[in-house]
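Nothing here was measured: the structure is a model prediction, and the numbers come from that model.
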Amino acid sequence: MAASSQLQNPLKTPFSIKKQKPCSVKPRRLSLIAALPRLNGRKLRVAVIGGGPAGSSAAEALASGGIETFLFERTPSTAKPCGGAIPLCMLDEFSIPLHLIDRHVTKMKIISPSNLTVDFGSKSLRTHESIPMLRREVLDSFLRTRAGSSGARIIPSLVTHLEIPPSSSSPYIIHHTVNNSRQTLAVDAIIGADGANSKVAKSIKAGDYTCAIAFQERIKLPDDKMEYYQNLAEMYVGDDVSPDFYAWVFPKCDHVAVGTGTVCAKQDIKLYQRGIKQRVQNKINGGKVIKVEAHPIPEHPRPIRVRGRVALVGDAAGYVTKCSGEGIYFAAKSGRMCGEAIVRASEGGESMISEDDLKREYLMEWDKKYVSTFRFLDLLQRVFYGSDEAREALVEVCGSEYVQRMTFDSYLYKKLAKGDRWEDVKMVLGTLGSLMRCKIIGRDMEALKL
C-alpha cells in the first residue's frame, strides 16, 4: 500500500465515537442498528466507479445529500450499446428533459418466426402515452453533468485496482490513471457501477453471473425509409435472429438501431445479426452502417451485491430484466436508491457506514421492490423464448388488447398493473391454448419437412 502521505485526499481524521442519540426504528423493523463512529471535521467520502445511468444517479444522490463524492468515468465520450427505450415514468421521476428524446414511439410491431405480425400499441396506448427512445451517449452525458452540478467531482480516469482495507475503520484505496499518470484516492465507501465486466465486483469477490451479448448496428436510412420508422419500433423473434432472445429495429434521431442478443450462442452473434438484417432487408435497403456496437449484458443478479462498504448497482449488480432486456431504468433506479441509502445511513455524511447499513437500507429495499418483477420476466423468457413454436404463441398472445394494456401499464409506469380477474382468467386460458396449438402446428410443420 502506498504511504498515506502520497494518497490523494487521505482520510487523516481519526475515527471517534460519540454518545449516539436514541435510534428511531420504524415499527416494521425488528433488528437493532449498532452505533457507528461520527466523522469529526469532514464528510463521508464515497467513490462511484462508472459514469453511466447507474453511477451518475448514485453520484447525484450522494452529492445532493451532503456526501463528498467522486465519480470515475474512463471514457466519457462513449456509451454502452443499447436499444435506448425507457419507460414513460422515467421522464418525470428522473427529470429527463424532452429535448433528449429522439423519438416518441406510439406503435410497435412484433413479428413471429412465420412473419405473423401483431400491432402492439396502436389501440392499447392512451393518447398521452408513448415509449421514449434516446441515445445512451446523450443520456449518459446529461446525467453525469447533472451529478457534477450537484457537487460530485467527476474524474475522467481509468480505475486499475482497489486495495481492500484490513479493518472497518481503514479507507479503501483506489488506484487509477489520468493521462498516463498513476494516482491514488482514499475513500470510506465505494459504489461499483462499472458494468457487466465490473472490476469492483471482482475486487470484492462478488461472484460471477451469466452474460448475454448484445450486438447492434446503427444504420442511416434514406428519408422515405426513415419515415416508416418515425414513431415505430419492431421486435422480431425466431431461431434465425436469436435462439433465446429477440431482435429489434429501434428508431433514433436520424437513424435506426438494428440488433440482436443471445446467451447460449454468443459465438454465433454475427450470424444472428445477418438474420435480422435479412428479415428487414426491404425496409433498410439503401441504408448505410454508421456504427457497430457490441457489449455483454448480465442475465441475473450477482451472488453478492454488497460486501464491506462496497455496493454494486446497475449492470455490475446484474439488474437487467429477462424477456425485455430492459436495463436503463433499473440502472438509474438502483444507483439512486443506493446513493440515498448511504445518505440515510450516514446521517447526511456525518457518520461512518457499515455493510449492515448497505444491506438494510439499499439491498433489502431493492429486493422488496423489484425481485418479483425480475422473477416473473425470467419465467416469461423461459416459457416463450425456447422454441419457434413458443415464439409463435407469444406473438399470438400479444394480439390481445388486454395483454397489451397490462404490459404497457406495467412497463411504462413500473408498477404492477391491476387487472380484471375475469380478464386475467381468460388471458391465462388463451395463453395455454396458444402454446398448445402452436406446438401442434410446429410438429405438423416438422412432419411436412420430413
Side-chain angles (χ1 to χ4, degrees), residues 53-54 56-57 60-61 82-110 118-134 136 139 142-143 231-233 235 246 248 250-251 301 313-314 317 319-340 362 365-381 384 394 397-421 423-424 427-428 431:
S56 296
S57 298
E60 181 186 9
C82 181
I86 62 172
L88 189 61
C89 66
M90 189 173 179
L91 297 181
D92 288 336
E93 187 176 348
F94 287 86
S95 301
I96 306 298
L98 291 179
H99 72 265
L100 299 186
I101 309 303
D102 290 332
R103 305 280 178 178
H104 293 272
V105 168
T106 55
K107 294 185 293 184
M108 290 187 66
K109 291 183 184 292
I110 301 180
V118 166
D119 290 325
F120 201 100
S122 57
K123 294 182 180 179
S124 50
L125 274 174
R126 301 181 181 96
T127 54
H128 67 282
E129 292 177 334
S130 67
I131 301 174
M133 293 277 180
L134 42 66
R136 275 290 301 273
L139 176 65
F142 169 77
L143 293 176
N231 59 350
L232 170 69
M235 295 172 57
Y246 67 87
W248 61 86
F250 288 166
V313 296
Y319 296 150
V320 176
T321 61
K322 292 285 192 74
C323 195
S324 65
E326 181 187 3
I328 297 177
Y329 175 83
F330 292 112
K333 186 68 173 181
S334 63
R336 174 177 284 183
M337 286 181 68
C338 187
E340 291 174 345
Y362 160 53
E365 293 299 317
W366 172 267
D367 287 348
K368 182 171 64 176
K369 194 174 183 69
Y370 294 115
V371 71
S372 59
T373 298
F374 278 70
R375 287 174 178 170
F376 178 68
L377 291 173
D378 180 36
L379 174 63
L380 287 184
Q381 179 161 322
F384 287 113
L394 170 65
V397 167
C398 287
S400 163
E401 286 190 30
Y402 181 73
V403 171
Q404 293 183 21
R405 187 63 253 165
M406 291 297 98
T407 300
F408 279 126
D409 280 351
S410 298
Y411 172 75
L412 294 177
Y413 305 108
K414 288 294 168 281
K415 294 179 181 179
L416 186 62
K418 293 182 179 180
D420 177 270
R421 287 186 179 181
E423 291 293 337
D424 288 341
M427 178 178 66
V428 171
T431 300

Undergrad: At what distance, to the nearest 0.5 angstrom, does CZ of Phe374 lie from NZ of Lys322?
TA: 11.0 Å
Undergrad: Under the criterion side-chain contact (heavy atoms from CB on, under 4.5 Å), I'd like the reasoning laid out for Phe330 against Val320: C-alpha separation, chi angles, the key distance, then a yes or no.
TA: CA-CA 7 Å; Phe330 292 112; Val320 176; over 6 Å; no
Undergrad: Nearest heavy-atom pair of Pro53 and Arg136: which atoms, and what distance?
TA: CD-NH2, 3.2 Å
Undergrad: Can you measure from OG1 (Thr373) to CG (Asp378) and round to the nearest 0.5 angstrom?
TA: 12.5 Å
Undergrad: Test side-chain contact (heavy atoms from CB on, under 4.5 Å) on Leu125 and Leu412; report intermediate values, then the result.
TA: CA-CA 10 Å; Leu125 274 174; Leu412 294 177; 3.8 Å; yes
Undergrad: For Phe408 and Ser124: C-alpha separation, side-chain torsions, deciding distance, then whether side-chain contact (heavy atoms from CB on, under 4.5 Å) applies.
TA: CA-CA 8 Å; Phe408 279 126; Ser124 50; 3.5 Å; yes
Undergrad: Is a side-chain donor or acceptor of Tyr413 paired with a backbone partner of Pro87 at a separation under 3.5 angstrom?
TA: no
Undergrad: Please name the pair of heavy atoms, one in Val403 and one in Cys398, separated by the smallest distance, quoted to 0.1 Å.
TA: CG1-CA, 4.4 Å
Undergrad: Heavy-atom distance under 4.5 Å between the side chains of Glu93 and Arg336, does that happen here?
TA: yes
Undergrad: Give a yes or no answer on whether the side chain of Ser334 reaches the backbone of Ala331 with a donor-acceptor pair at less than 3.5 Å.
TA: yes
Undergrad: Under the side-chain contact (heavy atoms from CB on, under 4.5 Å) rule, what do Thr407 and Phe120 come out as? Steps first, then yes or no, please.
TA: CA-CA 10 Å; Thr407 300; Phe120 201 100; 3.9 Å; yes
Undergrad: Please give me the minimum heavy-atom distance between Gly84 and Ile328, naming the atom from each residue.
TA: CA-CD1, 4.1 Å
Undergrad: How close do Cys323 and Tyr246 get, counting heavy atoms only, and between which atoms?
TA: O-CE2, 3.4 Å
Undergrad: Can you tell me if Gln404 uses its side chain to pair, donor with acceptor, with the backbone of Asp119 under 3.5 Å?
TA: yes
Undergrad: Hey, could you give me the CD1/CE distance between Ile96 and Met90, rounded to the nearest 0.5 Å?
TA: 5.0 Å
Undergrad: For the residue pair Trp366 and Tyr370, categorise the inter-ring angle as parallel (less than 30°), tilted (30 to 60°) or perpendicular (more than 60°).
TA: tilted
Undergrad: Where do Lys414 and Cys89 come nearest, in terms of heavy atoms and distance?
TA: CG-SG, 4.0 Å
Undergrad: Are Glu326 and Lys333 ion-paired here, with the side-chain N under 4.0 Å from a carboxylate O?
TA: no
Undergrad: Measure the OG1-CD distance between Thr127 and Glu129 for me, rounded to the nearest 0.5 Å.
TA: 8.0 Å
Undergrad: To the nearest 0.5 Å, how far apart are CZ in Arg126 and CZ in Arg405?
TA: 3.5 Å
Undergrad: Where do Ser57 and Phe94 come nearest, in terms of heavy atoms and distance?
TA: OG-CE2, 4.0 Å
Undergrad: Would the number of heavy atoms belonging to other residues, nucleotides or ligands and lying under 6.0 Å from CZ of Phe376 be above 12?
TA: no
Undergrad: Are the side chains of Ser324 and Tyr411 in touch, meaning some heavy atoms are under 4.5 Å apart?
TA: no
Undergrad: My understanding is that only one of Arg103, His104, Lys107 makes a side chain to side chain contact (heavy atoms under 4.5 Å, CB included) with Ser130; could you say which?
TA: His104
Undergrad: Would you give the length of the straight line joining atom CG of Leu134 to atom CD1 of Ile101, rounded to the nearest 0.5 angstrom?
TA: 4.5 Å
